[in-house]
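Below, chains carry the letters A, B, ... as their sequence lines are ordered, and counting in each starts from 1.
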Protein chains: 2
Amino acid sequence: MSLKHLILAVVGTRPATGYEITKEFDEVAGFYWRATHQQVYRELAALAEAGLVRFKEVEQQGKPDKKVYTITAKGRRAFADWFREPPEAPRHADPLMIKFFAAELVGIEDLRAQLALARERHAALLATFEAIEAKYYAEPVDEMPRWKKLIYLTLRLGITRERAWLRWAEESERVLRACE
Amino acid sequence: MSLKHLILAVVGTRPATGYEITKEFDEVAGFYWRATHQQVYRELAALAEAGLVRFKEVEQQGKPDKKVYTITAKGRRAFADWFREPPEAPRHADPLMIKFFAAELVGIEDLRAQLALARERHAALLATFEAIEAKYYAEPVDEMPRWKKLIYLTLRLGITRERAWLRWAEESERVLRACE
DNA sequence: AGGACCTATGCTACAAGGTGCATAGGTGGT
DNA sequence: ACCACCTATGCACCTTGTAGCATAGGTCCT
């Protein structure tokens, strides 16, 4: 799986606690990955067990103690090895497609309602992405530092994907309107 | 999950064996869903257990016996109820995004190689989709029977998505070329 | 004659992902 | 005073997905 590698990537950039990593994933949810805090804590424990990260327990006042994780040399090697493997196919599973597939059994009217709802969701997600772009990535790409370019490109994929989805939805709504 | 509902959708259209359902999924793999035969058999057993489908064992000559599954009234109701629920968000998890996120740790050169490989894969998938479109969906949409329109639209989503991905990849390759 | 592949179902085991619950003090608002 | 939320970690359980193996006759090619 890849959550493991995403976590390695994060602690490879800077020391971090499970809580911080989870928050980061929540904030960019849907934009490149998502994970619950349990998944993150579980993975961190497994990575520590495997010697790919290590942690220091840090006492805090007024807050629970925390574990700050750092990548190890072995972790860096493991990450670089994974990086150079041929890319895994992306997964997309869209339950709406099942509804298209089986709309005859239930009714076109209900499918139209489903599509309209899904379109709202995708439009809202696109608006979020565009707001992030306008706020944090306003300057021309070639003026960004390299690390920022790379993150920006992941955001661009989200934007491109959502725009494409919305174009498809318009096409589909036209076809469904012409039905029956 | 939705595999359950996809299987209900299939046996709602016509009686089918686990083997046939698996083959159908294999043939349209990536285009709207994918599943291994073990998942299908396991789900069918669970659906039968829950009374949403029933099966008849059919003896065959020269071939193993098979179980032909049919949807029950309860299964139809369960499917219709699920259909009318608000659509679940589609999931897309692309490990390539992790590589973008962490390319600084490994090197831009390796990222370029990864992107080039991924672009080949996506281009091949698009070509497959377009070949299916040219072969089976050559006539104008409004002349298709309704069930065919619906399936065609799921194919259209695949095509739209892959084209969008390739546009993004071109944009990204330009940016990466300008790096360093 | 032998090998590869097709039809057809299934078990076991494991990996990955997700839900719910628990703990526990601190902060900020009404 | 109370409620809601934040920081911070974790266990137990359940579902979903993947991999390997097993069975067993039939077809098709070389």
- Any A:Tyr19 side-chain N or O less than 4.0 Å from OP1/OP2 of D:dT7: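 For A:Tyr19, the contact criterion (side-chain N or O under 4.0 Å from OP1 or OP2 of D:dT7) is met.
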- Query: Side-chain N or O of A:Gln60 less than 4.0 angstrom from OP1 or OP2 on D:dA8?
  - Reply: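 Yes, such a contact exists.
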- Among C:dG17, C:dG10, D:dT18, the one nearest any side-chain atom of B:Thr36 is D:dT18
- Of the candidate nucleotides D:dG17, C:dA8, D:dT9, which contains the atom at the shortest distance from the side chain of B:Gln39?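 When the side chain of B:Gln39 is considered, D:dG17 is the closest of D:dG17, C:dA8, D:dT9.
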Whole-Å distance between [N] [atom2] and [X] [atom1]?
X       : N      : atom1 : atom2 : value
B:Tyr69 : C:dG10 : OH    : C1'   : 10 Å
A:Phe25 : C:dG18 : CZ    : C1'   : 16 Å
A:Lys63 : D:dC5  : NZ    : P     : 19 Å
B:Lys56 : C:dA8  : NZ    : P     : 16 Å
B:Leu6  : D:dT16 : CG    : P     : 13 Å
A:Lys66 : C:dG26 : NZ    : P     : 17 Å
A:Tyr41 : D:dA8  : OH    : P     : 8 Å
A:Ile21 : D:dT7  : CD1   : P     : 15 Å

- Starting from the 5' end of DNA chain C, give me the residue, B:Lys23 or B:Lys67, whose nearest nucleotide shows up first.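 Counting from the 5' end, the first nearest nucleotide belongs to B:Lys23.
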- Answer yes or no: is there an ion pair linking B:Arg119 with B:Glu170, defined by an N-O contact shorter than 4.0 Å?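 Answer for the salt bridge query: no.
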- Short N-O contact, A:Glu20 and A:Lys23, less than 4.0 angstrom: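 Judged by the 4.0 Å cut-off on N to carboxylate O distance, A:Glu20 and A:Lys23 do not form a salt bridge.
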- State, to 0.1 Å, how close A:Gly51 and A:Lys74 come at their nearest heavy-atom pair, and which atoms those are.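 Scanning both residues, the minimum pair turns out to be O-CB, 3.8 Å.
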- Message: Let's test your reading of the model: under 3.5 Å, does the base of D:dG20 pair with the side chain of B:Gln38 as donor and acceptor?
- Response: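 When only heavy-atom distances are counted, B:Gln38 does reach the base of D:dG20 through a donor-acceptor pair under 3.5 Å.
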- Query: Is a donor-acceptor pair below 3.5 Å formed from side chain A:Arg42 to base C:dG18, judging by atom type as modelled?
  - Reply: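 In this structure, the two groups form a donor-acceptor pair.
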- Query: Which part of the nucleic acid, if any, lies within reach of B:Thr17 when heavy atoms closer than 4.0 Å are counted: base, sugar-phosphate only, or nothing?
  - Reply: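 The answer is sugar-phosphate, as B:Thr17 gets under 4.0 Å only of primed atoms, P, OP1 or OP2.
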- Message: Tell me whether the count of non-hydrogen atoms from other residues, nucleotides or ligands lying under 6.0 Å of CZ in B:Arg54 goes above 12.
- Response: no
- Can you tell me how far CZ of B:Arg42 sits from CD of B:Gln39, rounded to the nearest 0.5 angstrom? 6.5 Å
